[in-house]
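Each chain gets a letter, A, B and so on, in the order the sequences are listed, and its residues count up from 1.
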There are 2 protein chains.
Amino acid sequence: MTETSRETEQALHLYRVFSRAYRSVTEHSLRDIKSHGLHPTEFAVLELLYHKGPQPLQQIGASILLASGSVTYVIDKLEKNGMLIREPCPKDRRVTHATLTQKGRSLMEQIFPTHAEVIRLAVSGLDEQEKKQAIALLRKLGTEAAKRLK
Amino acid sequence: MTETSRETEQALHLYRVFSRAYRSVTEHSLRDIKSHGLHPTEFAVLELLYHKGPQPLQQIGASILLASGSVTYVIDKLEKNGMLIREPCPKDRRVTHATLTQKGRSLMEQIFPTHAEVIRLAVSGLDEQEKKQAIALLRKLGTEAAKRLK
DNA sequence: CATAATTATCTCGAATTCAAAATATACGAA
DNA sequence: TTCGTATATTTTGAATTCGAGATAATTATG
């Protein structure tokens, strides 16, 4: 028989509940994104630029956890679709910034409110107090987990 | 300016904290899995069979959310590596069961305790009481989100 | 200034995934 | 039985991702 401490059992239990919940919640988001003819990664890039403004490609990869080769691929596609343009950085010629075009911004202005509403519904199983608790717990959990990754 | 209700703001905030926490926690798991030369999907299949015993391929896909074509692909690979075998179901000839070989079972016996310990550490940012709260909140969140997917 | 080390991006090939179509089997109804 | 529908698996082709290596530009060091 395998020896597993009660603490470990509880940790595994939390991990499973966490994963299942994550899948169910993100499924709402994914369906909405797909319904607009976008892929999750494309949406993530557009959302980042929409909220944070022009970003170096490197930053984009770091923010949404994408390998550099994949960043090139997604940015290529979005640029071909006219959603954004590449702009060379004048201060550092190694760097390229991605900037939303008017078309890209319009798209996000059109779909983001709906998307926010989908997210609101997806997490509406918790009331305001519970959401507050969940935020505090998840923030702590995530921060500590990130620390231990170094 | 975009009108967004306070509730929606809170929901988006929860979603972001949730996603970040999930990435940090799962990164622990992914690194451990990789360190054993396995891919996440392969590990998921092995873990399922290890804990639940032989399963129809269809069940495997349903459990770990994998398209049927991908199931065939992963099972092929694991079978070639000698981790499992396919066994035709005598009662229903459409069905194939995947069963761990001794080699596959030994591998899991060897790596699962370590993996459990990695998970324990990954979520150790919360104490026992907090884990209990998190489990309750995440279960509720996940269950309600799943309901709304129908 | 010259060289080494670092950083940002892109290219290329391999691996994994999905979706749709093909195949085989099971099951219910006429 | 026979037909039609449903289910399980495999096949196929396209899309996305990663990792490693190449290139170019910057920064640090002597």
task: Could you list the residues that satisfy salt bridge (charged side-chain N to carboxylate O under 4.0 Å, His left out) with A/Glu128, not counting sequence neighbours?
output: B/Arg6
field: Outermost nucleotides of DNA chain D that come under 4.0 Å of a non-hydrogen atom of chain A
entry: D/dA15 to D/dT26
- prompt: For DNA chain D, what residues of residues 72-80 of chain A have any heavy atom nearer than 4.0 Å?
  reply: A/Tyr73, A/Val74, A/Lys77
- line: With sequence neighbours left out, the residues meeting ring-ring contact (aromatic ring centres under 6.0 Å, His included) with A/Phe18 are B/Phe18, B/Tyr22
First of A/Pro90 and B/Gln59 reached from the 5' end of DNA chain D, by closest nucleotide: B/Gln59
field: Value rounded to 0.5 Å, distance of CD in B/Gln58 from OG1 in B/Thr96
entry: 11.5 Å
task: For A/Arg94, check salt bridge (charged side-chain N to carboxylate O under 4.0 Å, His left out) against everything at least two apart and list the hits.
output: A/Asp92
query: Which value, rounded to the nearest 0.5 Å, describes the distance between B/Leu49 atom CG and B/Ser63 atom OG?
result: 9.5 Å
Per-pair distances, 0.1 Å, donor-acceptor, side chain in residues 116-125 of chain B, under 3.5 Å, sequence neighbours excluded:
{"from": "B/Glu117", "atom 1": "OE1", "to": "B/Arg120", "atom 2": "NE", "distance (Å)": "3.0"}
{"from": "B/Glu117", "atom 1": "OE2", "to": "B/Arg120", "atom 2": "NH2", "distance (Å)": "2.8"}
{"from": "B/Arg120", "atom 1": "NH1", "to": "A/Glu7", "atom 2": "OE2", "distance (Å)": "3.1"}
{"from": "B/Ser124", "atom 1": "OG", "to": "A/Arg148", "atom 2": "NH1", "distance (Å)": "3.4"}
{"from": "B/Ser124", "atom 1": "OG", "to": "B/Leu121", "atom 2": "O", "distance (Å)": "2.6"}

task: Kindly write out the residues that satisfy ring-ring contact (aromatic ring centres under 6.0 Å, His included) with B/Tyr15, not counting sequence neighbours, or none if the list is empty.
output: none
- prompt: Do A/Glu9 and A/Ser5 have side-chain atoms, one donor and one acceptor, less than 3.5 Å apart?
  reply: no
- prompt: Which salt bridge (Lys or Arg N to Asp or Glu O under 4.0 Å) pairs, counting each pair once, include a residue from residues 36-59 of chain B, with sequence neighbours left out?
  reply: B/Glu42-B/Lys77
- request: Could you name each residue pair satisfying ring-ring contact (aromatic ring centres under 6.0 Å, His included) that touches residues 23-49 of chain B, not counting sequence neighbours?
  value: B/Phe43-B/His115
query: Across the strands shown, which category fits A/Ile60 at heavy-atom distances under 4.0 angstrom: base, sugar-phosphate, nothing?
result: nothing
message: What I want to find out is whether A/Asp76 reaches A/Arg86 closely enough, with some N-O distance under 4.0 Å, to be called a salt bridge.
response: yes
Rounded interatomic separation in angstrom, taking CD from B/Gln58 and P from C/dT25: 18 Å
message: The criterion is salt bridge (charged side-chain N to carboxylate O under 4.0 Å, His left out); which residues satisfy it with B/Arg31, sequence neighbours excluded?
response: B/Glu27
- request: Check whether any side-chain nitrogen or oxygen of B/His39 sits under 4.0 Å from OP1 or OP2 of C/dA15, and answer yes or no.
  value: no
- prompt: How many angstroms lie between atom CG of A/Leu14 and atom OG of A/Ser19, to the nearest 0.5 angstrom?
  reply: 9.0 Å
task: Starting from P on C/dA15, measure out to CG on B/Leu38 and report it in whole angstrom.
output: 16 Å
Set out, line by line, the N/O atom pairs under 3.5 Å between protein and nucleotides 19-24 of chain C.
{"from": "C/dA19", "atom 1": "OP1", "to": "A/Lys34", "atom 2": "NZ", "distance (Å)": "3.4"}

query: Of the residues in residues 23-32 of chain B, which ones touch DNA chain D at a heavy-atom distance under 4.0 Å?
result: none
